[in-house]
Number of protein chains: 2
Amino acid sequence: MAHVHEVPADLTRNQGLVLGALNRSSGPLSAYDILDRLREDGLRAPLQVYRALDKLVERGLAHRLESLNAFVACADEHCHRKGLIAFAICEGCGKVDEFADAVIEERLGNWAGAKGFKVERTTMEIRGKCAECLKLAA
Amino acid sequence: MAHVHEVPADLTRNQGLVLGALNRSSGPLSAYDILDRLREDGLRAPLQVYRALDKLVERGLAHRLESLNAFVACADEHCHRKGLIAFAICEGCGKVDEFADAVIEERLGNWAGAKGFKVERTTMEIRGKCAECLKLAA
DNA sequence: TTTCAATACGTTATAGCATAACACTGCCGC
DNA sequence: GCGGCAGTGTTATGCTATAACGTATTGAAA
Ligand SMILES: [Zn+2]
Ligand SMILES: [Zn+2]
Ligand SMILES: [Zn+2]
Ligand SMILES: [Zn+2]
């Protein structure tokens with residue numbers, strides 16, 4: 001199990017609930033998944049979840065996985081949105097591994113510099129099978 | 001304007017129409033955008049477009065941009081789905097630049113090798129502003 | 001040539017993801 | 001107090017994608 005951030009004290013109620021749901025999950029959750037898990041806590045509409053997610057993602061406490069239309073809690077102790085983050089997503093068990101790579105970041109920076117392109121954010125998602133799932137399938 | 005593939009002869013009617021629409025567009029199109037542009041040609045349902053897109057993407061003639069839920073025609077003469085492809089998407093004008101980087105690919109390969117992760121496909125999308133749009137804003 | 005499998009097609013209905021618009025609340029600085 | 005700002009709650013709506021059905025076409029195997 002990867003590192004789990006302590007929950008910052010200044011989150012609002014809804015933000016705390018949503019981050020809690022993400023932290024308790026073993027894999028990515030869609031906004032509607034989250035909503036379903038928080039109905040008992042009083043959440044009723046998708047927008048309540050999306051608004052909380054926006055803030056969490058903005059602060060680097062959660063990440064959006066574009067290729068899944070889903071979200072995960074940040075699993076990297078040092079992450080908090082400095083620099084490029086890559087995700088490896090297992091199609092077998094759904095687990096997500098989060099990592100950073102300075103060389104890749106530099107490489108992208110070079111490309112952007114050469115083209116005069118100003119990078120605002122980068123999505124990098126690897127889909128495949130994790131070691132455990134490969135072992136099981138063998 | 002980037003290179004445009006000649007349209008392979010063995011495409012079905014619907015596939016040809018969809019690829020045509022993508023080729024004529026200056027930017028990414030959603031499946032529903034494509035549908036709207038092809039109603040005159042007889043297309044009526046999203047599924048007709050999605051099915052064609054599936055085949056085109058499979059063959060490397062088009063690409064899906066996960067962060068936009070949209071599609072582009074392949075713009076790289078050599079592309080055809082060998083290896084990792086990265087996309088730089090301008091938030092200003094919508095233009096998409098497609099490129100490959102062997103170093104990044106190798107780097108990801110290394111990470112995957114070390115983790116025992118089997119890569120099946122990779123999404124890499126840079127969002128930002130292209131040189132032209134930056135010039136205009138200045 | 002019949003038969004069978006594979007592939008594409010057309011249509012309706014439905015599921016899943018995301019935001020617009022509006023009203024209201026509580027908080028903090030002025 | 002007042003004005004601004006961030007958060008909230010709610011309803012309605014829009015966009016993206018697939019399920020499930022049946023039909024048509026094609027191209028080999030039998
Ligand atoms: Zn993180
Ligand atoms: Zn796995
Ligand atoms: Zn391409
Ligand atoms: Zn631009």
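None of the values given here were measured: they were computed from a predicted structure. Reminder, nothing fancy here: chain letters follow the sequence lines and each chain counts from 1.
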**Prompt:** Quick one: Phe71(B) CZ to dC15(D) P, roughly how many Å, whole number?
**Reply:** 16 Å

**Asked** So Tyr32(B) and Tyr50(B), would you call those rings parallel, tilted or perpendicular, with 30° and 60° as cut-offs?
**Response** perpendicular

**Asked** Would you say dA17(D) has OP1 or OP2 under 4.0 Å from some side-chain N or O of Tyr50(B)?
**Response** yes

**Message:** At a heavy-atom distance below 4.0 Å, which nucleotide of DNA chain C is the first touched by chain A, and which is the last?
**Reply:** dC17(C) to dA21(C)

**Request:** Find out whether Leu84(A) and Val119(A) are in side-chain contact, i.e. whether some heavy atom of one side chain is under 4.5 Å from a heavy atom of the other.
**Result:** no

**Prompt:** If an axis is fit to five pairs at each end of the helix from dT1(C)-dA30(D) to dC30(C)-dG1(D), what is the angle between the two, to the nearest 10°?
**Reply:** 30°

**Complete:** Between CG of Leu35(B) and P of dG14(D) the distance, given in whole Å, is 17 Å

**Prompt:** Taking C-beta and beyond as the side chain, do Gln15(B) and Leu61(B) meet within less than 4.5 Å on heavy atoms?
**Reply:** no

**Asked** Going by heavy atoms in the side chains, are Ile126(B) and Phe117(A) under 4.5 Å from each other?
**Response** yes

**Asked** Does Asn69(B) make a side-chain N or O approach to OP1 or OP2 of dC15(D) shorter than 4.0 Å?
**Response** no

**Prompt:** Do you reckon Trp111(B) sits in the same ILVMFWY cluster as Val96(A), going by side-chain contacts under 4.5 Å, direct or chained?
**Reply:** no

**Asked** Does the side-chain contact (heavy atoms from CB on, under 4.5 Å) test come out yes or no for Arg127(A) and Leu68(A), once each step is laid out?
**Response** CA-CA 10 Å; Arg127(A) 307 288 293 269; Leu68(A) 293 178; 3.5 Å; yes

**Request:** State whether the side chain of Glu125(B) and the backbone N or O of Leu65(B) hold a donor-acceptor pair below 3.5 Å, judged by distance alone.
**Result:** no

**Message:** Side chains of Glu132(B) and Cys93(B), heavy atoms from C-beta outward: is any pair under 4.5 Å?
**Reply:** no

**nucleotides 4-11 of chain D: protein proximity per nucleotide (B base, S sugar-phosphate only, - neither; heavy atom, under 4.0 Å)** = ---SBBBB

**Asked** Does Glu98(B) reach the main-chain N or O of Ile85(B) with its side chain, forming a donor-acceptor pair under 3.5 Å?
**Response** no

**Prompt:** Is a donor on one side and an acceptor on the other found under 3.5 Å between the side chain of Asp54(B) and the backbone of Arg51(B)?
**Reply:** no

**Message:** What I'd like to find out is whether the side chain of Lys115(A) reaches to under 4.5 Å of the side chain of Asp97(B), using heavy atoms alone.
**Reply:** yes

**Message:** Quick check, does Tyr32(B) stack with dC15(D)? I mean ring centres under 5.5 Å and planes off by under 30°.
**Reply:** no

